[in-house]
Amino acid sequence: MKALVLIGGFGTRLRPVTYSVPKQLIPLAGRPMLYHVLDLLPTDIEEAVLATGYKAEMIDAYVRAHPLPFPVRTVPEAEPLGTGGGMRNAGEGMSDPFYLLNSDVIAQVDLRDVRARFDRLGGAGVMTLAEVEDVRPYGVAALGPDDRITGFVEKPEPEAAPSRWINAGVAIWRRSVLDRIPPGRALSFEREVVPGLLADGVFGYRLTGYWDDAGTPERLLRSQRLLFGDDRGRIGTLPAGAEGTGPVATMEGATGRGAEFGRWVTLGPHSFVGPDAHVEDSILMDGVRVEAGAWVVGSILGPRTTVRAGHRVEGQVTGEAAEL
Ligand code: GDD
Ligand code: MG
């Protein structure tokens, strides 16, 4: 089987950090969001095809430098084609069936189980579903017997939502689904194509493990907390000479001698946290400097951001080389 991974979004809700880095390369618990998604794939798949757009060259360079157990190929879009257009553009030579993954979801699911459900029930595909409180930002499924999806509404008003079970962004589809996407224009797979597939049989697979969409600052940090609670988070240890509780994922070249760490921190490559500084529930990207005695909580600091000595930063998202 092959996998098609959608990576074209602009990450607008994570600006300004996404002005310089695509959201899929933001490290959560020491590993880019995209890699947590790719970790879901069985290691014996034939190929993962990444449908890229925004900052496609950065994604391409990253996957070349950090190989996975299976081949990965990127197919960039000249202009954003939406989820449906992106699938159509990158879908040539796809397997039947194929995995479809959004690249900004943190999910705990065994894809072999999803495949087994597809093999048992047939139809056009199986969509994994997560149960959430607030369905408004998602695609919502109405479910019939056998969890057959009988209706699907993308981003409904709460009163129009048929259930609290939403498209978790991890699915299996028949290859023929790609032929149902009109070529040559931008479109949303969820809005314009999925409703028309329901008559062929689309089945839900209810997730029982954790799930989140990491598309906003709050949810990105929540996703990191979920991953730190799981082995897939590759939990690191405190950097040499540091104190505190952790967990801290210390990436290559990061240092924190004399600093104090609370829970859930990623120290990006070559980041530096000075003596008596305190960092907690945060992501520090490449080359961030937190100077002596500074305090960083609940924040996502973009590459080469500096927090000056003694400053306190809470709930901030910064872009490249910000000075606080
Ligand atoms: N190639 C390509 N081209 N990919 C795109 C494009 C594009 O123009 N636009 C978005 N994507 C990618 C995003 O990078 C993301 O991985 C995925 O497609 C979904 O796009 P989002 O912009 O994150 O959509 P969403 O979060 O509002 O809604 C989607 O995900 C929800 C679950 O998190 C939908 O699939 C919903 O139905 C679903 O519930
Ligand atoms: Mg999303």
Side-chain angles (χ1 to χ4, degrees), residues 1-9 37 40 49-51 53 77 80-92 94-105 107 109 111 114-115 117-132 134-207 211-213 215:
M1 253 177 108
K2 296 189 181 186
L4 212 165
V5 189
L6 293 166
I7 326 197
V37 172
L40 295 176
V49 178
L50 313 186
E77 293 158 29
L81 291 172
T83 49
M87 287 169 67
R88 175 90 200 204
N89 185 57
E92 210 178 288
M94 233 343 100
S95 58
D96 184 28
F98 65 95
Y99 294 114
L100 178 70
L101 306 178
N102 290 3
S103 56
D104 61 347
V105 296
V109 56
L111 283 185
V114 184
R115 172 75 209 246
R117 183 160 169 79
F118 175 77
D119 289 342
R120 197 163 63 246
L121 295 169
V126 171
M127 187 184 265
T128 67
L129 304 171
E131 193 177 25
V132 299
D134 180 8
V135 298
R136 283 173 297 179
Y138 304 115
V140 188
L143 296 167
D146 247 344
D147 283 346
R148 183 174 176 149
I149 298 179
T150 54
F152 188 80
V153 211
E154 184 65 24
K155 302 194 174 39
E157 286 304 317
E159 51 286 1
S163 77
R164 288 186 20 225
W165 288 91
I166 59 118
N167 171 18
V170 175
I172 292 182
W173 294 107
R174 282 245 95 95
R175 182 173 54 207
S176 57
V177 161
L178 295 169
D179 304 327
R180 305 276 287 271
I181 303 173
R185 69 173 173 95
L187 78 155
S188 158
F189 178 64
E190 298 83 350
R191 282 180 205 278
E192 295 187 50
V193 182
V194 170
L197 299 173
L198 302 184
D200 300 337
V202 178
F203 294 90
Y205 176 103
R206 300 183 196 224
L207 296 183
W211 181 86
D212 213 337
D213 172 307

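- With values rounded to the nearest 0.5 angstrom, Tyr138 atom OH is found 14.0 Å from Trp165 atom CH2.
- Ile149 and Ala141 make their closest contact through CG2-CB, 3.9 Å (heavy atoms, listed as atom of the first residue, atom of the second, distance).
- Between the side chain of Ser95 and the main chain of Met1, no donor-acceptor pair closer than 3.5 Å is present.
- Shown here for Val37 and Val105, the closest heavy-atom pair between the two residues is CG2-O, 3.4 Å.
- When all heavy atoms are compared, the tightest approach of Ala161 to Val140 is CB-CG1, 4.3 Å.
- Rounded to the nearest 0.5 Å, atoms CD1 (Ile7) and CD (Glu77) are 10.5 Å apart.
- The shortest non-hydrogen separation linking Val202 to Ala124 is CG2-CB, 4.1 Å.
- With Ile166 as reference, Val132 is the one residue of Leu129, Thr128, Val132 to meet the side chain to side chain contact (heavy atoms under 4.5 Å, CB included) rule.
- The number of heavy-atom neighbours closer than 6.0 Å to CZ of Arg206, taken from other residues, nucleotides and ligands shown, is above 12.
- For Arg175 (side chain) and Met94 (main-chain N/O), a donor-acceptor pair under 3.5 Å exists by modelled atom type.
- Between the side chain of Arg117 and the backbone N or O of Phe203 there is no donor-acceptor pair closer than 3.5 Å.
- Under the salt bridge (Lys or Arg N to Asp or Glu O under 4.0 Å) criterion, Asp96 pairs with Arg174, not counting sequence neighbours.
- For the pair Leu121 and Val126, the minimum side-chain heavy-atom distance is 4.5 Å or more.
- Between Glu190 and Lys155 there is no side-chain heavy-atom pair separated by less than 4.5 Å.
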**Message:** Set out, in order, the CA-CA distance, both residues' side-chain angles and the distance that settles side-chain contact (heavy atoms from CB on, under 4.5 Å) for Phe189 and Leu100, then state yes or no.
**Reply:** CA-CA 11 Å; Phe189 178 64; Leu100 178 70; 4.1 Å; yes
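- Not one N or O on the side chain of Ser163 forms a donor-acceptor pair closer than 3.5 Å with the backbone of Ala142.
- Shown here for Leu6 and Met87, the closest heavy-atom pair between the two residues is CD2-CG, 3.9 Å.
- Residues Val170 and Trp211 form no side-chain contact, since every pair of their non-hydrogen atoms from C-beta on lies 4.5 Å or further apart.
- Using a 4.0 Å cut-off between charged side-chain N and carboxylate O, Arg136 and Asp134 make a salt bridge.
- In this structure, Ile181 CD1 and Ser188 OG are separated by 10.0 Å, a value rounded to the nearest 0.5 Å.
- Of the possible donor and acceptor atoms, none in the side chain of Arg115 sits under 3.5 Å from a partner among the backbone N and O of Tyr99.
- Taking the side chain as every heavy atom from C-beta outward, Trp173 and Leu197 approach each other to under 4.5 Å.
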**Request:** Start with the C-alpha distance between Asp200 and Arg180, add both sets of side-chain angles, then the distance that settles side-chain contact (heavy atoms from CB on, under 4.5 Å), and finish with yes or no.
**Result:** CA-CA 12 Å; Asp200 300 337; Arg180 305 276 287 271; 2.9 Å; yes
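- Counting only heavy atoms from C-beta outward, the side chains of Leu187 and Pro182 approach each other to under 4.5 Å.
- For the atom pair CG of Leu101 and CG of Leu50, the computed distance is 10.0 Å after rounding to the nearest 0.5 Å.
- Taking each heavy atom of Phe152 and Met127 in turn, the nearest pair found is CE1-SD, 3.8 Å.
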